[in-house]
Amino acid sequence: MRSKVLLSAAALIALATAGLSAAPASAQVALVEGGDSYFVSVRSIREIPFRTVVRQQYDYSCGSAALATLLAHHYGKSVGEAEIFRAMYAAGDQAKIRKIGFSLLDMKNYLEGQGYKADGYKISLAQLEKSRAPAITVIQIGTYKHFVVIKGVRDGNVLVGDPALGLKIYTTEEFGKMWNGIAFMIRGVPAQQVAYNREDEWRPWSTAPLDERLGDKSLASFDRQLRPLYQIAPVADLQGYLE
C-alpha cells in the first residue's frame, strides 16, 4: 500500500491475469555418478529471504502479498497473491482501490468470505509477543506506507515478513518508529494450528532437511571425485557466509 497511488486499469488487469503463486522460487539440481542419481533442492541467495514470504509483484500489491503470506505460511492455506488481489478488487470499492490501494477492511471482508474471523487491534509489541499469533500491519517509512506481516516478537526484536524485502529483523525501537500500533489478526484459531515465532524464520538461512537421510550405499558412491560440472559454487565464494 502506498500513501498516494494511482492504478491504471491496464495495470490492474495485468495483475488479475498474472499466474502468480505463493510458492517461493526454488529448483532442483540433478547429480548423477556411478549409476546413482541425486536431487538436491537449491534456492538462490536472492530468494532465501522470501522462503516464507510471498513477494509482491507490483508496488501497489503489498496488501494482497501480505495476506497471502499470512495464510500460506502461518495458517496452512495455499493461496497466491493474484487470487487474493482479484477477490478483494472484485468485492471492494474499486475507485478507492485504484486511488490508494487495499485497506484492512478489504482484507477483513476477504477473510470472512474464507471462513476466518479477523479484526484490527490497538496493541503493544509486548502483548503481541504473548498473543502467539502473527499480524498484518502498516509501517511508514517517510511518506511511504507499506503492508507487512509481523511473524514474531522476542528478545527485544521484531521479525517481519516484508513483501518487498523478505524476512527482516528490527529492534523493537526501530520498529516502533515505523509502526502505528495497529495489528490486524485472525482470531479463533487454536494456537497449536498457527505458525508463529518459528525458529527457522529467525535464522538468516534455511535449515537442512536432516530428516531426509541418504542410505549408506548412496553415501558411499557420492564422493569428492565428481566432475567440475557438479560444483555449484566455489567454497571461496561462500567464505564470508561461513565465518
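Numbers here simply count residues along the sequence, with the first being 1.
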How long is the span from the CZ atom in R203 to the CD1 atom in I169, to the nearest 0.5 Å? 11.5 Å

Would you mind reporting whether V149 and H73 have side-chain heavy atoms less than 4.5 Å apart? no

Under 6.0 Å from the six-membered ring centre of F50 and within 45° of its axis: does the NZ or CZ of R55 meet both? yes

Joint hydrophobic cluster, F85 plus F184, side-chain heavy atoms closer than 4.5 Å: yes

Closest contact, heavy atoms only, F102 versus I97: CE2-CD1, 3.7 Å

Considering residues at least two apart in sequence or located in another chain, which fulfil the side-chain contact (heavy atoms from CB on, under 4.5 Å) criterion with E174? Y170, T171

So, do E81 and S61 sit near enough that their side-chain heavy atoms are less than 4.5 Å apart? yes

Of all heavy-atom pairs linking V194 and P134, the shortest is CG1-CD, 3.4 Å

Considering only heavy atoms from C-beta outward, does the side chain of I182 approach that of V138 to under 4.5 Å? no

Sub-4.5 Å side-chain heavy-atom contact between R154 and W202: yes

Does L71 reach the side chain of I186, with side-chain heavy atoms less than 4.5 Å apart? yes

Residues that Q192 engages under side-chain contact (heavy atoms from CB on, under 4.5 Å), provided they are two or more places apart: P190

Are side-chain heavy atoms of P163 and V148 found at a separation under 4.5 Å? yes

Does the Q193 side chain pair with the main chain of Y75, one donor and one acceptor, at a distance under 3.5 Å? no

Criterion side-chain contact (heavy atoms from CB on, under 4.5 Å) on L159 and V153, from CA distance to verdict: CA-CA 6 Å; L159 176 65; V153 182; over 6 Å; no

Nearest non-hydrogen partners of A133 and M185, listed with the distance: CB-CE, 3.8 Å

Which residues satisfy the side-chain hydrogen bond (donor to acceptor under 3.5 Å, both in side chains) test with Q127, sequence neighbours excluded? S124

Do you reckon V79 sits in the same ILVMFWY cluster as V189, going by side-chain contacts under 4.5 Å, direct or chained? yes

For the pair D106 (side chain) and S103 (backbone), establish whether a donor and an acceptor sit closer than 3.5 Å, ignoring hydrogens and angles. yes

Name all residues meeting the side-chain hydrogen bond (donor to acceptor under 3.5 Å, both in side chains) criterion together with E129; count only those two or more places apart in sequence or in a different chain, and write none if there are none. none

Name all residues meeting the side-chain contact (heavy atoms from CB on, under 4.5 Å) criterion together with K130; count only those two or more places apart in sequence or in a different chain, and write none if there are none. none

Among H146, K168, Q56, whose side chain to side chain donor-acceptor pair (under 3.5 Å) with D162 holds? H146

Carefully, step by step, assess I141 and M178 under the rule side-chain contact (heavy atoms from CB on, under 4.5 Å). CA-CA 6 Å; I141 304 174; M178 302 183 290; 3.8 Å; yes

Qualifying residues under side-chain contact (heavy atoms from CB on, under 4.5 Å), relative to A91, sequence neighbours excluded: none

Salt bridge (charged side-chain N to carboxylate O under 4.0 Å, His left out) with K108: which residues, sequence neighbours excluded? E112, D119

Could you walk me through whether T52 and L167 satisfy the side-chain contact (heavy atoms from CB on, under 4.5 Å) test, starting with their C-alpha distance in whole Å, then the side-chain angles of each, then the deciding distance to 0.1 Å, before giving a yes or no? CA-CA 8 Å; T52 58; L167 292 169; 3.7 Å; yes

Partner residues of F175 under the ring-ring contact (aromatic ring centres under 6.0 Å, His included) criterion, sequence neighbours left out: W179

Interatomic distance, L70 atom CG to K77 atom NZ [nearest 0.5 angstrom]: 12.0 Å

Which ring-ring contact (aromatic ring centres under 6.0 Å, His included) pairs, counting each pair once, include a residue from residues 103-124, with sequence neighbours left out? none

Run the side-chain contact (heavy atoms from CB on, under 4.5 Å) check on I136 and M107 step by step: do they pass? CA-CA 10 Å; I136 291 178; M107 296 183 190; 3.9 Å; yes

Could you check whether any side-chain heavy atom of Y144 comes within less than 4.5 Å of a side-chain heavy atom of I139, counting everything from C-beta outward? no

Side chain proximity check, L67 to L111, heavy atoms < 4.5 angstrom: yes

Would Y196 and V53 show up in the same hydrophobic cluster when neighbours are defined by side-chain heavy atoms closer than 4.5 Å? no

Going by the salt bridge (Lys or Arg N to Asp or Glu O under 4.0 Å) test, which pairs reach into residues 189-198, not counting sequence neighbours? R198-D200

Contacts of N157 that satisfy side-chain hydrogen bond (donor to acceptor under 3.5 Å, both in side chains) - sequence neighbours left out: none

Any donor and acceptor pair, going by atom type alone, linking the side chain of H74 with main-chain N or O of A195 inside 3.5 Å? yes

Would you indicate whether R187, at its atom CZ, is surrounded by more than 12 heavy atoms from other residues, nucleotides or ligands within a distance under 6.0 Å? yes

Evaluate whether atom CD of E199 has more than 12 neighbouring non-hydrogen atoms of other residues, nucleotides or ligands under 6.0 angstrom away. yes

Looking only at heavy atoms, which two atoms of A68 and G80 are closest? And how far apart? CB-C, 4.0 Å

